[in-house]
Amino acid sequence: MMQATTKEAYELLHKGVLSFGRAGVMGIRIDVEYCKRKKAHLTRKIDRLEKQLSDSELFKEWRKAYGASTNFNSGTQLAHLLYDLRGVVPPKLTSSEKQGSTDEKTLSQLGIPEIQDLLKIKQLKKIRDTYLEAFAREQIGGYIHPFSNLHTTVTYRSSVDHPNFQNIPIRDEEAMKICRRAVFPRPGHQLVELDYSRIEVKVASCYHKDPNMIAEMKDPSLDMHLDMAKELFLLQSINKKDPIHKTLRNAAKSGFVFPQFYGDYYVHCADGLACQWGGLSKKKWRRGEGLKMPLGYLSDHFIMNGINSYAEFEEHVRKVEEKFWNVRFPVYRDWKEEWWELYQKTGCLDMLTGFRCGGVMRKNEAINRPIQGSAFHCLLWSFIEIDELSLKEDWGSRLVGQIHDAILLDVLPKEFDYTLETAQRIMCEALPKAWPWIIVPLEVEADVCGVDQPWSTKEAYNLG
DNA sequence: GGAACTCGCCAC
DNA sequence: AAACGTGGCGAGTTCC
């Protein structure tokens with residue numbers, strides 16, 4: 001189903017394969033001794049936690065039910081224990097509806113004391129077995145050589161395997177530190193990450209051309225996430241520096257704006273905003289509940305503003321959603337409908353980068369795939385240009401990886417300024433010149449590690 | 001004993 | 001009217 005409709009698109013993938021191949025051959029340095037040490041350390045920690053839990057009621061019942069075949073990693077066994085033997089009503093079923101769900105969110109809701117310890121064990125095993133173990137297994141002479149593929153995804157994005165280098169933990173501080181501590185630059189070098197800011201939203205703007213969204217991309221004083229936080233949480237005024245408002249802005253961004261762009265709707269958003277971000281329970285809507293605000297709790301704040309129940313909050317989010325699309329981004333809204341109709345008529349969708357999406361698609365897929373793919377192609381084009389220039393000019397610095405909208409460079413310190421300036425120029429200036437359909441300014445953000453320091457030490461660097 | 005599947009979780 | 005996009009991978013499980 002892959003189809004390039006222009007020579008340029010065809011060449012982008014072919015050059016991309018070569019550049020990604022070079023980065024893979026180059027490889028990324030791993031502290032193998034650390035991986036082994038840390039794995040052993042985590043194993044001891046996991047054993048201790050399991051030993052502590054082994055006297056608990058939960059584990060006793062578990063062993064009684066399964067005897068010699070007891071396996072504390074088994075979701076099937078846990079679901080059987082909780083939902084069949086203990087008779088707990090499952091808050092949620094798995095997607096195939098074969099059994100009650102045992103994912104983190106569901107288990108946490110049950111209010112069983114041992115469950116938190118069990119979840120902690122699972123988290124440590126994930127770090128040990130998915131990341132440290134994979135680094136140690138895949139490394140050759142202290143370097144991993146991940147494969148970047150350009151032929152595997154329906155969107156024409158990339159995928160990476162052996163090991164996957166696109167999902168190393170970053171949001172969870174503890175997991176981030178443990179995993180990224182294993183990743184190093186070459187001796188005497190330093191790791192630098194350059195990522196396109198808001199590239200998917202910017203590329204979407206080039207498709208729908210909504211003037212309000214384009215303004216948002218051009219004017220740094222505009223902040224839709226802050227605006228939405230104000231509307232969703234009924235704030236009179238909002239201050240970006242206030243830590244509570246920062247939390248609420250983040251909630252609006254992750255719990256409303258992004259899901260809306262991916263095609264979600266108010267019922268899910270309301271649930272996520274209240275439970276995950278506001279700390280409120282869905283059923284009860286009592287005073288003194290949820291996030292602590294300067295003048296009381298979030299639940300009190302809503303009640304004071306006339307929202308007295310979860311049902312009323314959901315209705316509020318519905319109105320915010322309606323306004324979001326009908327008043328803020330009506331052109332974007334209309335584009336989605338036209339784009340969907342175009343697909344239904346023609347059976348395929350042409351991307352701005354010269355690729356054609358075909359096959360059977362649902363509405364959200366038809367809208368998201370071309371945007372996602374084109375956004376990645378901005379990165380791919382830049383990656384190729386930087387790679388080819390680095391060869392031509394014989395840099396000591398090299399591209400070693402990419403993560404959808406970011407590149408990872410292994411930089412020779414004396415080339416630091418030149419490398420960053422050059423890469424930034426290619427990413428933000430050369431690309432829009434090559435692709436005139438890009439009608440919003442592009443920006444990059446840099447994260448930099450010290451010389452001979454691991455990836456866990458990266459810090460934001462002002463490109464000026 | 002391997003292939004294919006489910007479930008869960010990490011990233012963007 | 002319907003309702004979150006894209007991946008890789010580990011462990012468990014089931015099937016052949």
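Each chain gets a letter, A, B and so on, in the order the sequences are listed, and its residues count up from 1.
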Enquirer: Using a cut-off of less than 4.0 Å, is there contact between a side-chain N or O of A:Ser101 and OP1 or OP2 of B:dC7?
Expert: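 No, because none of the side-chain N or O atoms of A:Ser101 sits under 4.0 Å from OP1 or OP2 of B:dC7.
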Enquirer: Can you tell me how far C1' of C:dA3 sits from OH of A:Tyr262, to the nearest Å?
Expert: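 About 16 Å, once rounded to whole Å.
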Enquirer: By nearest atom, which of the nucleotides C:dC9, C:dC4, B:dC12 is closest to the A:Pro259 side chain?
Expert: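 Of the candidates, C:dC4 comes closest.
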Enquirer: Compare side-chain N and O positions of A:Thr94 against OP1 and OP2 of B:dG8 and report whether any pair is under 4.0 Å apart.
Expert: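 Looking at the OP1 and OP2 atoms of B:dG8, neither is under 4.0 Å from any side-chain N or O of A:Thr94.
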Enquirer: Below 4.0 angstrom from OP1 or OP2 of B:dC7, is there any side-chain N or O of A:Thr102?
Expert: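 The answer is no; no side-chain N or O of A:Thr102 sits under 4.0 Å from OP1 or OP2.
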Enquirer: Mind checking the CD-NZ spacing from A:Glu216 to A:Lys202? Nearest 0.5 Å is all I need.
Expert: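 Nearest 0.5 Å value for the CD-NZ distance: 10.5 Å.
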Enquirer: For C:dG10 and A:Asn73 - does any side-chain N or O of the residue sit under 4.0 Å from the phosphate oxygens OP1/OP2?
Expert: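 A:Asn73 to C:dG10 OP1/OP2: no side-chain N or O under 4.0 Å.
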Enquirer: Look at the side chain of A:Ile170 and decide which nucleotide, out of C:dG7, B:dC12, C:dT6, has an atom nearest to it.
Expert: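 The answer is B:dC12.
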Enquirer: Strictly below 4.0 Å: does A:Thr130 bring a side-chain N or O up to OP1 or OP2 of C:dC9?
Expert: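 For C:dC9, OP1/OP2 do not have a side-chain N/O of A:Thr130 under 4.0 Å.
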Enquirer: Using the side-chain heavy atoms of A:Tyr131, tell me which of these nucleotides is nearest: C:dT13, C:dG5, B:dC10.
Expert: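 Looking only at side-chain atoms, A:Tyr131 lies closest to B:dC10.
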Enquirer: Within less than 4.0 Å of OP1 or OP2 of B:dC7, is there a side-chain N or O belonging to A:Thr76?
Expert: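 For B:dC7, OP1/OP2 do not have a side-chain N/O of A:Thr76 under 4.0 Å.
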Enquirer: Just how far, in rounded Å, is C1' of C:dG7 from CD of A:Glu200?
Expert: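 Taking CD of A:Glu200 and C1' of C:dG7, I get 12 Å after rounding.
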Enquirer: Starting from the C-alpha separation in whole Å, work towards a yes-or-no answer on side-chain hydrogen bond (donor to acceptor under 3.5 Å, both in side chains) for A:Tyr196 and A:Ser382.
Expert: CA-CA 10 Å; A:Tyr196 273 119; A:Ser382 304; 2.7 Å; yes
Enquirer: Can you measure A:Asn149 atom CG to B:dC12 atom P for me and round it to whole angstrom units?
Expert: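 After rounding, the gap between these two atoms is 19 Å.
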Enquirer: Determine: side-chain N/O of A:Thr153 to OP1/OP2 of C:dT6, distance under 4.0 Å, yes or no.
Expert: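 Result: no.
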Enquirer: In this structure, how many angstroms lie between the P atom of B:dC7 and the CG atom of A:Leu119, rounded?
Expert: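 Those two atoms, CG and P, are 18 Å apart.
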Enquirer: Name the closest nucleotide to the A:Asn368 side chain, picking from C:dG5, B:dC12, B:dC9.
Expert: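 Closest of the options to the side chain of A:Asn368: C:dG5.
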Enquirer: Which nucleotide, B:dC12, C:dC4, C:dT13, lies nearest any side-chain atom of A:Asn364?
Expert: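 The closest nucleotide is C:dC4.
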Enquirer: B:dC12, C:dG10, B:dC7: which one has an atom nearest the side-chain heavy atoms of A:Asp405?
Expert: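 Nearest to the side chain of A:Asp405 among the choices is B:dC12.
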Enquirer: Taking OP1 and OP2 of C:dG10, is either one under 4.0 Å from a side-chain nitrogen or oxygen of A:Arg137?
Expert: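 Indeed, a polar side-chain atom of A:Arg137 lies that close.
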Enquirer: Between the base of C:dG5 and the side chain of A:Gln372, is there a donor-acceptor distance below 3.5 Å?
Expert: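 Counting by modelled atom types and ignoring angles, a donor-acceptor contact under 3.5 Å is found here.
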Enquirer: Does A:Arg171 make a side-chain donor-acceptor contact with the base of B:dC10, cut-off 3.5 Å?
Expert: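 Such a pair does not exist between side chain and base.
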Enquirer: Remember a base hit wins even if backbone is also touched, and classify A:Pro169 as base, sugar-phosphate or nothing at under 4.0 Å, heavy atoms.
Expert: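 If one applies the 4.0 Å heavy-atom cut-off, A:Pro169 turns out to touch the sugar-phosphate alone, with no base involved.
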Enquirer: Compare all side-chain heavy atoms of A:Phe258 with those of A:Cys269 and state whether any distance is below 4.5 angstrom.
Expert: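 Not in contact.
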Enquirer: Let me know the distance between OH of A:Tyr207 and C1' of C:dG5, rounded to the nearest Å.
Expert: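 To the nearest whole Å, that distance equals 14 Å.
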Enquirer: In whole angstrom, give the distance that lies between atom CH2 of A:Trp455 and atom P of B:dA11.
Expert: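 The distance from CH2 of A:Trp455 to P of B:dA11 comes to 11 Å, rounded to the nearest Å.
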Enquirer: For C:dG8, take OP1 and OP2 only and decide whether either is under 4.0 Å from a side-chain N or O of A:Asn167.
Expert: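 Checking C:dG8 against A:Asn167, no side-chain N or O comes under 4.0 Å of OP1 or OP2.
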Enquirer: Rounded to whole angstrom units, what separation is found between the CG atom of A:Asp264 and the P atom of C:dG5?
Expert: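 For the pair A:Asp264 CG and C:dG5 P, the rounded distance is 8 Å.
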Enquirer: Tell me the interatomic distance from A:Phe135, atom CZ, to C:dG8, atom C1', rounded to whole angstroms.
Expert: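 Distance, rounded to whole Å: 13 Å.
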Enquirer: Among the candidates B:dC9, B:dC12, B:dC7, find the nucleotide nearest to the side-chain atoms of A:Asp103.
Expert: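 For the A:Asp103 side chain, the nearest candidate turns out to be B:dC9.
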Enquirer: With a 4.5 Å cut-off on side-chain heavy atoms, are A:Tyr131 and A:Lys126 touching?
Expert: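 When only atoms from C-beta onward are counted, A:Tyr131 and A:Lys126 do touch, with a gap below 4.5 Å.
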Enquirer: Using a 4.5 Å cut-off on heavy atoms from C-beta on, say whether the side chain of A:Phe72 contacts that of A:Ile121.
Expert: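 Side-chain contact under 4.5 Å: no.
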Enquirer: Ignoring hydrogens and angles, answer whether the base of B:dC10 and the side-chain atoms of A:Lys126 contain a donor-acceptor pair closer than 3.5 Å.
Expert: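 A donor-acceptor contact between them is absent.
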Enquirer: Should we count OH of A:Tyr34 as having more than 12 external heavy atoms under 6.0 Å?
Expert: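 Result for OH/A:Tyr34: enclosed.
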